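Encoded as structure tokens, the structure appears first; notes follow it.
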Protein chains: 2
Amino acid sequence: MATIYDVSILAGVSLATVSRVMNKNTNVSEKTKKKVQDAMEQLGYRPSSIAQSLASNCSNSIGVLVSQLNGPFYGAMMTEIESALRNANKHVIIAAGHSDEDQEREAVEFLLDRGCDALILDVEALSDDYLIALSQKRTPIVLINRYISEIADRCIHLNNVLGGYLATKHVLSHGHTKLAYIAGPLLKPDARERLEGHKKALAEHDVNFDDTLFYEGNFFEPSGSDAMEYLLKQDTHFTCVICANDQMASGAISVSLEHHVMVPEQLSFIGYDNFPFPKYISPKLSTVSNPIQEMGKMAALWVLKNVYKKPDINIVNTFTPQLILRDSVKNNQ
Amino acid sequence: MATIYDVSILAGVSLATVSRVMNKNTNVSEKTKKKVQDAMEQLGYRPSSIAQSLASNCSNSIGVLVSQLNGPFYGAMMTEIESALRNANKHVIIAAGHSDEDQEREAVEFLLDRGCDALILDVEALSDDYLIALSQKRTPIVLINRYISEIADRCIHLNNVLGGYLATKHVLSHGHTKLAYIAGPLLKPDARERLEGHKKALAEHDVNFDDTLFYEGNFFEPSGSDAMEYLLKQDTHFTCVICANDQMASGAISVSLEHHVMVPEQLSFIGYDNFPFPKYISPKLSTVSNPIQEMGKMAALWVLKNVYKKPDINIVNTFTPQLILRDSVKNNQ
DNA sequence: CTGTTAGCGCATTCAG
DNA sequence: CTGAATGCGCTAACAG
């Protein structure tokens with residue numbers, strides 16, 4: 001591999017001059033600049049990003065930590081992060097935390113040790129306190145899908161209370177009042193907020209929350225199936241199931257159909273997240289949008305603005321969910 | 001940040017000794033080792049992986065290039081790669097090539113510039129020749145989902161001909177002889193191989209391949225829908241649709257149901273890939289397994305064995321697909 | 001078993 | 001506008 005030194009010799013200039021033409025900023029005469037560029041071309045010179053990092057104390061790498069890499073969710077987010085960052089010639093190092101506190105902390109330290117210039121975190125198990133402390137250290141962090149008031153400017157998140165509210169409001173307005181609710185794991189803020197929105201809508205319509213028609217799942221399909229098995233065993237009648245995400249809705253609908261309960265004729269469903277797949281099942285699932293791609297992109301922009309000092313980037317911290325109306329909610333009005 | 005130098009002073013030893021205790025291998029007396037470790041602890045010392053990379057000419061980073069980060073496929077693969085590699089204290093840098101030749105080449109160069117010790121590539125647009133040439137350069141590469149005979153030992157791939165064969169064999173054995181086929185984009189090897197297996201099974205059963213019941217899709221859901229619209233307009237009768245992947249199968253089934261063609265009573269379907277989602281639709285999709293996780297893990301192991309010289313790792317280059325029988329194929333026997 | 005000495009490839013003063 | 005010198009934090013011979 002040719003080094004900056006080889007280039008300087010071939011071009012008949014000093015090391016520093018070569019460095020200068022690489023880093024555009026400083027002034028070099030057109031003539032010498034051309035000489036250097038020709039020499040680079042001729043040698044097929046590629047700068048060593050590692051040496052650059054060591055000398056400049058800037059690694060041009062961003063660590064991204066997510067709960068899991070698979071599933072329909074994080075892939076979409078990663079896509080946007082990767083493309084926004086690579087366009088800026090930064091690279092992204094990934095790690096998965098698996099929603100486990102120890103693993104998440106370990107992953108954060110791993111990324112920090114790697115000399116990342118910034119961290120984009122989508123974590124669920126780490127405490128607010130830990131994250132607040134982390135945010136005060138040298139390496140800047142930005143949080144996706146999480147809101148911590150003390151560091152609100154570093155949070156890119158969805159208004160989940162509103163999303164939960166919209167979903168429930170929608171089914172109420174379609175004449176459903178006997179409602180079952182399949183929640184996400186309540187130790188996750190998302191799950192709690194969506195439920196909070198649900199209850200808020202119920203309160204506005206003077207509908208009681210029925211504990212016997214409530215099930216706490218884990219956001220994965222099988223728990224939706226389990227939830228449905230549970231609900232079908234209850235004595236209480238219900239006409240609609242509100243699910244805290246589309247994956248659980250899918251599991252629940254699947255069980256419902258197995259029990260020959262027709263959807264939506266006998267039972268309505270509404271999901272959350274607007275995953276790509278449930279668009280293709282029958283009936284097509286009504287749901288609430290979760291602009292995870294946009295949020296991923298925004299986190300990348302946050303880093304570009306605040307760490308790499310690109311001005312004229314506008315940061316939006318809070319995103320607003322929208323109803324996606326399809327065929328899984330029957331109109332009882 | 002404390003450096004190795006600070007540690008050496010606090011411990012009252014030389015720089016080299018500190019380096020030695022970090023890199024286990026060489027002999028250091030228990031006593032001095034303890035002194036050094038205490039000093040490290042006290043200073044909260046963390047080695048700079050960047051300086052290590054520069055000095056050792058080994059970045060401990062592996063570049064992973066996939067077509068896309070989203071979708072149910074690559075996420076599963078990335079999960080295994082990331083976890084296998086991080087357990088070995090290596091980090092993975094990701095890039096997406098979007099099935100475009102220019103973007104794939106650019107991404108390869110990007111990762112190479114980043115000083116990756118090895119590249120794991122799942123690429124579709126780059127030519128065999130390019131990859132063969134690349135494999136002869138300094139940085140080792142391993143290919144997933146692709147077979148190139150000249151560099152067979154660097155290929156981790158699925159026997160797609162067999163998979164295509166198994167799927168068609170299965171429906172033939174269930175009495176289906178009027179078959180429609182929705183292919184993937186034929187410029188991708190996967191798609192061609194699956195089709196080849198299909199034709200092989202047809203030949204064995206003396207069933208003709210009907211051009212009017214053939215549609216070339218692009219592996220995404222909407223093209224499955226388009227395919228189905230096309231097929232339903234044909235005069236030729238058929239009882240089963242064989243799809244080159246589950247996503248197109250989902251799109252096709254969706255359209256089929258919209259046209260009130262019952263599945264599987266009136267029309268059978270079989271997919272390919274065993275994506276997680278179609279397990280939860282009705283009817284549950286019969287398909288062919290694609291052990292993408294295992295293949296991802298194997299690629300990581302290949303790197304560990306061949307680049308980081310871990311012996312006693314066994315590499316399996318070719319994986320074998322299996323039929324996953326569920327409810328979408330009616331038995332006409 | 002331990003210390004000394006050179007670099008790894010580049011950015012960045014500081015002179016000129 | 002350009003060159004010389006210094007150091008980023010660490011590894012790797014080579015001595016001792």
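Chain letters run A, B, ... following the sequence lines, proteins first and then strands; every chain starts at 1. Scope of the values below: all heavy atoms of this structure, side chains included, with no hydrogens, waters or symmetry mates. Quantities reported herein were computed from a predicted structural model and do not represent experimental measurements.
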Any salt bridge linking A:R105 with A:E109? Criterion: basic side-chain nitrogen under 4.0 Å from a carboxylate oxygen.
no
Not counting sequence neighbours, list each pair that qualifies as a side chain to side chain donor-acceptor pair (under 3.5 Å) and has a residue in residues 290-304 of chain A.
A:D273-A:N290
Respond yes when some side-chain nitrogen or oxygen of B:S19 is under 4.0 Å from OP1 or OP2 of D:dT11, and no when none is.
yes
Using a cut-off of 4.0 Å on non-hydrogen atoms, how would the nucleic acid contact of B:V18 be classed: base, sugar-phosphate, or nothing?
nothing
Using modelled atom types and a 3.5 Å cut-off, is there a donor and acceptor pairing between side-chain atoms of A:E104 and backbone atoms of A:E124?
yes
A:D6 CG to C:dC10 P, in whole Å, measures 9 Å
Please enumerate all residues that pass ring-ring contact (aromatic ring centres under 6.0 Å, His included) together with A:Y74, with sequence neighbours excluded.
none
Any residue of residues 304-311 of chain A with a heavy atom less than 4.0 Å from an atom of DNA chain D:
none
OP1 or OP2 of D:dG3 sitting under 4.0 Å from any side-chain N/O of A:T17?
yes
Just to verify, what does B:F110 make a ring-ring contact (aromatic ring centres under 6.0 Å, His included) with, not counting sequence neighbours?
none
Measure OH/B:Y5 against P/D:dT11 and give the value in whole Å, please.
17 Å
Inter- and intrachain pairs under salt bridge (Lys or Arg N to Asp or Glu O under 4.0 Å), touching residues 55-75 of chain A, at least two apart
none
What pairs with B:F73 under ring-ring contact (aromatic ring centres under 6.0 Å, His included), at least two apart in sequence or on another chain?
B:F275
Kindly compute the distance separating CG (B:L54) from OG (B:S49), expressed to the nearest 0.5 Å.
11.5 Å
Would one find more than 12 heavy atoms of other residues, nucleotides or ligands at under 6.0 Å from atom NZ of A:K33?
no
Value in whole Å for how far the C1' atom of D:dC10 lies from CZ of B:R46:
16 Å
Using a 4.0 Å cut-off on heavy atoms, which residues in residues 29-45 of chain B reach DNA chain D? List them by number, or say none.
B:Y45
Evaluate whether atom CG of A:D153 has more than 12 neighbouring non-hydrogen atoms of other residues, nucleotides or ligands under 6.0 angstrom away.
yes
Residues forming a side chain to side chain contact (heavy atoms under 4.5 Å, CB included) with B:S14, sequence neighbours excluded:
B:A16, B:T17
Would you please name every residue forming a side chain to side chain contact (heavy atoms under 4.5 Å, CB included) with A:E106, sequence neighbours left out?
none
Within less than 4.0 Å of OP1 or OP2 of C:dG3, is there a side-chain N or O belonging to B:S14?
yes
Under the side chain to side chain donor-acceptor pair (under 3.5 Å) rule, what pairs show up with a residue in residues 307-320 of chain A, not counting sequence neighbours?
A:D117-A:Y308, A:H157-A:T318
Name the residue closer to the 5' end of DNA chain C, choosing between A:M1 and B:L15 according to the nucleotide with the nearest heavy atom.
B:L15
Gap separating the CG atom of A:L111 from the CD1 atom of A:I141, nearest 0.5 angstrom:
12.0 Å
Would you tabulate the pairs of protein nitrogen or oxygen atoms and nucleotide nitrogen or oxygen atoms of nucleotides 14-16 of chain C closer than 3.5 angstrom?
none

Using a strict heavy-atom distance below 4.0 Å, which residues from residues 50-61 of chain A are in contact with DNA chain D?
A:L54, A:A55
Using the side-chain heavy atoms of B:A16, tell me which of these nucleotides is nearest: D:dT11, C:dA11, C:dG3.
C:dG3
